[in-house]
Amino acid sequence: MPPFGSGLLVLTAPLAALPRRAAAALAAAAGLVSGPLYVHLQPGLRLAAPAPPRPAAPPACPALLRALAALYGAAARRGLDLRVLLGPGRRLARPPCVLLAPAAEAPGPPGPVQLGLQQLAAAAYGCPPRLPALLLGGPGDGGEGPEQDPEVGDPEDPGAALPDFSDVAVGGTFDRLHGAHRLLLSACCLLARQRLLAGVADGDLLRHKVLAELIEPYELRVAKLREFLEDVKPSLRYDIVPLADPYGPSVTDPDLQCLVVSEETRRGGEAVNKKRLENGLPELALYEILLMKDPDHSQNEEEKISSSSLRQRLLGTLLRPPRQDPALPSHPYVIGLTGGTGSGKTSIAKLLGQLGAFLIDADRLGHAVYVPGGPAYEQVVAAFGAEILNEDGTINRKVLGAKVFGNQERLKSLTDIVWPEMARMVKEQIREADAQGKAVCVLDAAVLLEAGWEDMVHEVWTAIIPEEEAVKRIMARDGLSEEAARSRLRSQMTNSQRVEQSQVVLCTLWETDVTRKQVEKAWDLLQQRLNQGCSL
């Protein structure tokens with residue numbers, strides 16, 4: 001773990017030099033800072049000058065946007081919480097614990113340079129005067145110092161400056177605030193003089209997002225967004241509002257002058273302007289930001305840096321700490337695997353069995369409790385009558401299912417009989433896994449959460465699939481109509497309800513090989529947890 005929880009990195013190189021220096025500077029800082037890394041850009045500043053450094057905002061120009069793109073792109077590859085500051089003026093949300101500068105950009109004796117860092121941080125952000133100040137690398141690292149680096153302006157227009165507007169708008173999901181979001185928001189901050197209106201998608205706008213169940217709650221997304229914006233440029237007013245439709249207040253607010261879009265949302269911006277004209281309002285200037293490429297994307301992820309790709313990378317990882325219940329046996333370690341019908345839960349269970357897990361099939365145990373002489377047979381017949389029996393005396397589960405479907409009282413009467421017997425059989429199977437020396441046992445149970453069986457497992461793993469895909473699978477597998485398939489899904493817990501109670505989430509939406517890699521990733525991470533003894 002890096003020794004400092006947050007840091008302030010001061011870069012004094014010319015803006016035009018930053019794209020080629022960003023990766024090295026952030027790599028050095030990443031080894032020292034575990035939390036937010038603030039970056040103060042002060043081109044040409046001499047930290048060791050006799051007079052105390054005077055903080056100033058970097059010029060709003062295309063060269064600055066390119067520098068920001070390079071910095072946020074390099075930070076994304078390292079998973080850094082980077083915040084490039086576009087104006088001093090307030091105490092930072094996570095005050096820096098260390099001050100940093102590349103040695104190659106800070107010629108002169110270390111003492112005066114470190115003092116200059118401390119004075120700059122105190123003057124610009126109210127930092128304590130004696131914060132640790134470190135120089136990164138040696139005099140030959142990271143390229144030439146600013147005195148050898150030519151001052152190169154924007155090659156397209158050396159005197160270019162970004163346009164500015166009193167009120168600027170932007171919209172998005174802003175899930176897991178990533179590098180592309182940060183570049184987009186920084187551009188908004190540079191363009192706005194007074195106010196930024198940020199619409200945050202919520203409700204029905206999220207329904208068709210990839211892995212929508214893993215999108216952070218609205219309140220959390222807003223809190224992260226506000227903290228970032230108020231750190232980056234505290235002089236602006238920020239109005240953050242929920243978006244229940246694609247337009248929000250952008251089509252009714254008369255004070256707005258500019259809408260910031262990306263290549264893929266430009267058509268949405270044009271639709272906003274059409275609506276504004278219909279409402280008797282002037283069109284907004286559309287300022288377009290280029291998408292940031294993701295060099296690490298996998299075959300089923302987007303080529304750009306995106307929230308959906310980040311959500312896909314969460315699949316198979318530990319989302320919540322495992323349960324710490326002294327009543328649970330320390331051996332074997334029990335995974336409860338659940339998921340709705342059509343979710344691919346059974347295929348995941350088979351893969352886990354191939355990796356060495358002892359499998360308990362709750363559905364098979366369910367059949368066993370109903371057979372004549374089984375633990376629930378007499379009680380079920382007594383409760384629901386002889387009309388549920390076949391000629392050979394076995395229970396006709398389709399007839400029984402028709403009796404309880406849609407009737408919560410009857411369904412509860414049935415589950416009150418069956419689930420405790422199944423739970424007893426599950427515990428017997430867990431003991432059998434222990435007797436065989438199995439380290440991991442997987443309870444494959446569609447009703448795991450409904451039955452309250454999470455008390456029998458150390459972790460809940462959930463398989464999810466979008467509703468439309470689940471409907472297609474149920475129709476193809478069971479020969480049901482679309483309405484019948486949807487009705488079956490509506491009778492179950494939702495994906496979101498399951499995910500909220502799960503430690504690990506898996507998704508079988510993509511090719512079989514993608515599912516296999518997810519399961520192997522989840523298994524490998526589980527083995528690491530077991531080896532570390534975090535839950536045993």
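Both backbone and side-chain heavy atoms feed into the values below; hydrogens, waters and symmetry mates do not. Owing to the predicted nature of the structure, the values given are computational and were not obtained by experimental measurement.
Of the possible polar contacts, one joining the D245 side chain to the G248 backbone as a donor-acceptor pair under 3.5 Å is found. Looking only at distances, no side-chain donor or acceptor of Y333 sits under 3.5 Å from a matching main-chain atom of E459. Under a 3.5 Å cut-off, the side chain of K233 and the backbone N or O of C189 do form a donor-acceptor pair.
Evaluation of the ring-ring contact (aromatic ring centres under 6.0 Å, His included) rule for F174 yields H181 as partners, not counting sequence neighbours. Shown here are the ring-ring contact (aromatic ring centres under 6.0 Å, His included) partners of F384, two or more places apart in sequence or in another chain: there are none.
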Donor-acceptor contacts, no H, no angles, side chain residues 354-368, under 3.5 Å, sequence neighbours left out:
unit_1 : atom_1 : unit_2 : atom_2 : d
D361   : OD1    : D363   : N      : 3.0
D361   : OD1    : R364   : N      : 3.3
H367   : ND1    : R397   : NH1    : 2.7
H367   : NE2    : R397   : NH1    : 3.4

Next item on the list: Apply the test salt bridge (charged side-chain N to carboxylate O under 4.0 Å, His left out) to residues E454 and R323: give CA-CA distance (whole Å), side-chain angles for both, the deciding distance (0.1 Å), then the verdict.
Entry: CA-CA 9 Å; E454 65 268 27; R323 294 183 66 237; over 6 Å; no
Next item on the list: Would you check, one step at a time, whether the test salt bridge (charged side-chain N to carboxylate O under 4.0 Å, His left out) holds for D231 with R226?
Entry: CA-CA 8 Å; D231 266 344; R226 184 173 295 281; over 6 Å; no
Next item on the list: Evaluate the side chain to side chain donor-acceptor pair (under 3.5 Å) criterion for residues E421 and W419: first the C-alpha distance (whole Å), next the side-chain angles of each, then the deciding distance (0.1 Å), finally the verdict.
Entry: CA-CA 5 Å; E421 295 298 337; W419 283 350; over 6 Å; no
Next item on the list: Carefully, step by step, assess C188 and Y238 under the rule side chain to side chain contact (heavy atoms under 4.5 Å, CB included).
Entry: CA-CA 11 Å; C188 294; Y238 296 107; over 6 Å; no
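Of the candidates K472, K398, R488, R473, R488 is the only one forming a salt bridge (Lys or Arg N to Asp or Glu O under 4.0 Å) with D478. The one candidate from V471, T341, L509, L506 that meets the side-chain contact (heavy atoms from CB on, under 4.5 Å) condition with I465 is L509.
Taking CZ from R516 and OG from S347, the interatomic distance works out to 13.0 Å, rounded to the nearest 0.5 Å. Rounding to the nearest 0.5 angstrom, the gap separating the CD atom in Q518 from the CD atom in E520 is 11.0 Å. Note that CG of L525 and CG of L530 are 11.0 Å apart. Values are rounded to the nearest 0.5 Å. S481 contributes atom OG, which lies 11.0 Å from atom CD1 of I474 (distance to the nearest 0.5 angstrom). Atom-to-atom distance recorded for L236:CG and L229:CG is 8.5 Å, nearest 0.5 angstrom. One distance of note links CG of L352 with CG of L526; it measures 9.0 Å at 0.5 Å rounding.
Look at K224 and E216 and you find a salt bridge, because one of the NZ, NE, NH1 or NH2 atoms lies within 4.0 Å of a carboxylate O, short of that distance. Of the charged side-chain nitrogens involved, at least one lies within less than 4.0 Å of a carboxylate oxygen, so that E227 and R94 count as a salt-bridged pair. Using a cut-off of 4.0 Å between Lys/Arg side-chain N and Asp/Glu carboxylate O, D444 and K350 are scored as not salt-bridged. By the 4.0 Å N-to-carboxylate-O rule, R221 lies too far from D175 to be salt-bridged with it. Salt-bridge annotation for R313 and D294: present, with a side-chain N of the basic residue lying under 4.0 Å from a carboxylate O of the acidic one. Of the charged side-chain nitrogens involved, none lies within less than 4.0 Å of a carboxylate oxygen, so that R498 and E213 do not count as a salt-bridged pair. Comment: E468 engages R486 in a salt bridge, judged by a side-chain N to carboxylate O separation of less than 4.0 angstrom.
The two residues V241 and P249 come nearest to each other via the heavy atoms CG2-CG, 4.0 Å. The heavy-atom pair separating I417 from A383 by the smallest distance is CD1-CB, 4.0 Å. Closest approach of K438 to P332, counting heavy atoms only: O-CB, 3.2 Å. Of all the heavy atoms in L86 and S186, the pair that sits closest is CD1-O, 3.7 Å. The nearest pair of heavy atoms linking D325 to D455 is OD2-O, 4.5 Å. Here the closest non-hydrogen pair linking P2 and S34 is CB-N, 3.8 Å.
Side-chain contact between Q501 and V460: absent, with no pair of heavy atoms (C-beta onward) separated by less than 4.5 Å.
No more than 12 heavy atoms of other residues, nucleotides or ligands shown are found within 6.0 angstrom of CD on E409. More than 12 non-hydrogen atoms from other residues, nucleotides or ligands lie less than 6.0 angstrom from NZ of K304. More than 12 heavy atoms of other residues, nucleotides or ligands shown are found within 6.0 angstrom of CZ on R490.
No side-chain N or O of S306 forms a donor-acceptor pair with one of R311 less than 3.5 Å apart. Counting only N and O atoms by type, the side chains of T512 and T515 include no donor and acceptor under 3.5 Å apart. For the 3.5 Å distance criterion, the side chains of Q532 and Q528 fail to qualify, holding no donor opposite an acceptor.
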